[in-house]
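What follows is one structure encoded as structure tokens, with my remarks underneath.
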Amino acid sequence: MDTTDTTELRGRLADLVSEATGGEVAATDLLTGGSMVALGVDSLGLLRMVDAIESEYDVEVELNGPGRPLDTLDDLVALLTAAGPDDHTH
């Protein structure tokens, strides 16, 4: 996946997370990095985010699964990049 694809994926994931919080957490804030929880994504927002990502990208997301935690936007990008083909668009 090249830098342009990663940038587009980060942008789309930031939008999905923001939508999952009902707009309480802005996509622009998520793109700056850091913990999604620290930025204000609550447990309901995390569950909605997981549902949205699983639906859009056809992957299984485990927030507390084995391996690396999924607490930042970059963690989500790494998960999707490792999950399959470079084309994550539907």
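Count residues from 1 along the sequence.
Distance check, rounded to the nearest 0.5 Å: OG of Ser43 to CG of Leu63 gives 10.5 Å. Here CG of Asp29 is found 11.5 Å from CG of Leu73. Values are rounded to the nearest 0.5 Å.
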If you apply the rule side chain to side chain contact (heavy atoms under 4.5 Å, CB included), what do you find for Leu30 with Asp15, and how did you get there? CA-CA 9 Å; Leu30 292 160; Asp15 289 340; over 6 Å; no
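Heavy-atom minimum distance, Ala20 versus Met49: CB-N, 3.5 Å. Contact between Leu39 and Gly33 at its shortest, heavy atoms only, is CD1-O, 3.9 Å.
Counting heavy atoms from C-beta on, the side chains of Tyr57 and Leu76 never come closer than 4.5 Å. Inter-residue side-chain proximity for Thr81 and Asp5 is flagged as unmet; no heavy-atom pair is nearer than 4.5 Å.
Residue Leu46 is tested with Asp51, Val17, Asp71, Val37 for a side-chain contact (heavy atoms from CB on, under 4.5 Å); the sole match is Val37.
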Check: residues 21-28 side-chain donor-acceptor pairs under 3.5 Å, at least two apart:
residue, atom, partner, partner atom, Å
Thr21, OG1, Ser18, O, 2.8
Thr21, OG1, Glu24, N, 3.3
Thr21, OG1, Val25, N, 3.1

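Val41 and Leu44 fall into different hydrophobic clusters, defined by Ile, Leu, Val, Met, Phe, Trp and Tyr side-chain heavy atoms under 4.5 Å apart, directly or through other members. Two different hydrophobic clusters hold Ile53 and Leu47 under the rule that ILVMFWY side chains link at heavy-atom gaps under 4.5 Å.
Under a 3.5 Å cut-off, the side chain of Arg10 and the backbone N or O of Val77 do not form any donor-acceptor pair. Counting only distance, with no hydrogens or angles, the side chain of Glu54 and the backbone of Val61 share a donor-acceptor pair below 3.5 Å.
The pair Glu56-Arg12 meets the salt-bridge criterion, since a charged nitrogen lies less than 4.0 angstrom from a carboxylate oxygen.
Counting only N and O atoms by type, the side chains of Asp75 and Thr72 include a donor and acceptor under 3.5 Å apart.
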